[in-house]
**Q** 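Shown below is the structure under consideration.
In what follows, every heavy atom counts, from backbone to side chain, and hydrogens, waters and symmetry copies are set aside.
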Amino acid sequence: MMRTLGVAVVGFGWMGRVHTRAYARVPHHFPDLALRPTLVAVADEVPGRAEEAAQRYGFATVARDWRELLADPRVEAVSVTAPNFLHREIGTAVAEAGRHLWIEKPVGRDADDARAVADAVAAAGVRGAVGFNYRCAPAVVAARELIASGELGDVTHARVRLLSDYAAHPDSALTWRFERERGGNGVLGDLASHGVDLARFLLGEIEALVADTAVFVPRRPRPVGATAGHTRAAGGDLGPVENEDYVNCLLRFASGARGVLEASRISVGEQNTYGFEVHGTKGAVFWDFRRMGELGVSRGTGYQDQPVGTVYVGPGAGEYGAFQPGAANSMGYDDLKVIEAYTFLRSIADGVSHGATPDDAVRSATALDAMARSTASGGWVAVGG
């Protein structure tokens with residue numbers, strides 16, 4: 001039997017809008033889902049943002065203080081898209097109030113923050129979902145199944161890359177993202193968190209790593225007003241960048257495979273250059289986010305000089321069939337967030353978790369903390385659970 005589920009969104013910058021649109025689109029792509037999300041309330045401390053959200057998307061209630069949403073009995077699930085330093089406080093409060101939680105990565109500034117949220121979700125018996133959207137790409141799901149099938153042989157080594165230029169301009173505003181206290185460990189949380197999740201999703205647990213990080217733009221101008229996204233602030237007083245622009249990391253997996261993970265927020269000429277290469281004893285698979293529906297696949301018995309072919313994924317891969325009727329039709333970033341919303345709502349309907357959970361956020365954050373320790377020590381460190 002179909003029932004409605006009242007949802008709220010905390011933080012209405014770009015990601016808050018993405019979550020909101022995802023909720024609105026779920027019934028169109030997944031009509032058999034037993035829940036229908038209803039936009040009940042939105043909160044944002046920036047004057048006018050919540051009111052704009054209500055006008056544009058139809059939220060019934062607006063607030064400046066997110067705590068007001070948890071006092072509303074109509075709210076049954078909450079999306080948290082606020083800055084990283086607020087994730088622990090808001091995420092734990094949402095769970096403790098008995099509301100289901102969809103929270104953006106990296107779920108706080110470190111593993112302690114992520115673990116606090118995961119523990120609160122478990123103790124409350126609510127469902128939790130985390131915004132590791134790249135694992136939702138149908139081609140990534142197909143790659144995981146290909147690896148698990150053994151067609152590539154035993155995985156020997158892999159490379160995961162997340163290179164972008166969103167902070168490459170020296171006039172990028174010195175927002176919370178560049179502060180250690182509020183933004184955590186910089187590009188490690190922003191991008192490498194996705195890389196760790198992709199590596200784990202495809203190849204299993206990481207046992208040990210060695211990392212090197214750098215800050216290449218050490219000073220940026222302070223903003224003079226409210227900011228959203230990656231705005232510029234030319235002419236503002238310069239302040240220090242406190243967290244990482246770049247990380248490069250060698251990985252050892254529990255399976256015995258080796259890996260390389262590289263992430264950068266200041267790579268001039270790179271726009272969302274996200275993807276992976278996985279090599280096995282008999283073949284390989286390649287994926288580039290910018291060509292999201294394609295896989296490069298090499299398999300057979302040739303070994304040396306074995307060719308690579310392009311596979312266009314179709315309705316049999318992941319949730320592709322909910323969006324397009326045949327292979328090689330394009331999907332986009334927002335579609336991945338619709339799949340996230342669906343798995344979150346499905347988890348609530350089934351009472352069983354689907355997709356990325358707060359436990360996955362803890363695993364990712366633990367690896368990120370290990371990268372920071374490795375950079376400080378200059379050596380290999382174990383990745384705890």
**Q** Looking at A111, is its backbone amide N or carbonyl O close enough to the side chain of D369 to form a donor-acceptor pair, meaning the two atoms are under 3.5 Å apart?
**A** yes

**Q** Can you tell me if S364 uses its side chain to pair, donor with acceptor, with the backbone of D360 under 3.5 Å?
**A**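 Checked: no pair found.
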
**Q** Are the side chains of F276 and L203 in contact, using a 4.5 Å heavy-atom criterion?
**A**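 Not in contact.
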
**Q** Angle between ring planes, Y342 versus F30, binned at 30° and 60°: parallel, tilted or perpendicular?
**A**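 Ring orientation, 0 to 90° scale: parallel.
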
**Q** Run the salt-bridge test on E51 and R64 with the 4.0 Å N-O cut-off and return the result as yes or no.
**A** no

**Q** Step through the shown structure and confirm whether more than 12 heavy atoms of other residues, nucleotides or ligands are within 6.0 Å of CZ on R291.
**A**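 Incorrect, the count does not exceed 12.
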
**Q** Using modelled atom types and a 3.5 Å cut-off, is there a donor and acceptor pairing between side-chain atoms of R21 and backbone atoms of H19?
**A**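 Answer holds: no.
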
**Q** With a 4.5 Å heavy-atom cut-off, do R144 and L202 have their side chains touching?
**A** yes

**Q** Whether the side chain of S374 engages the backbone of A370 through a donor-acceptor N/O pair (distance < 3.5 Å, no angle test) should be reported.
**A** no

**Q** Distance-only, no hydrogens or angles: does the R36 side chain make a donor-acceptor pair with backbone N or O of L33 under 3.5 Å?
**A** yes

**Q** So, do Y57 and F12 have ring centers that fall under 6.0 Å from each other?
**A** yes

**Q** Using salt bridge (Lys or Arg N to Asp or Glu O under 4.0 Å), reason through E242 and R220 one step at a time and then give a plain yes or no.
**A** CA-CA 10 Å; E242 300 174 349; R220 296 180 183 274; over 6 Å; no

**Q** Check whether the side chains of Q306 and S298 place a donor and an acceptor atom closer than 3.5 Å, and report yes or no.
**A** yes

**Q** Counting N and O atoms only, with roles assigned by atom type, does the side chain of S353 sit under 3.5 Å from a partner on the main chain of S347, one being a donor and the other an acceptor?
**A**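 It does not hold such a pair.
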
**Q** Is it true that Y166 and W14 have ring centroids separated by less than 6.0 Å?
**A**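 Aromatic pair excluded; centres sit 6.0 Å or further apart.
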
**Q** State whether the side chain of S264 and the backbone N or O of V247 hold a donor-acceptor pair below 3.5 Å, judged by distance alone.
**A**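 The answer is no, because no donor-acceptor pair under 3.5 Å joins these two groups.
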
**Q** Just by modelled atom types, is the V352 backbone N or O under 3.5 Å from a matching donor or acceptor in the D350 side chain?
**A** no

**Q** Parallel, tilted or perpendicular: which one describes the rings of H279 and H157, with boundaries at 30° and 60°?
**A** parallel

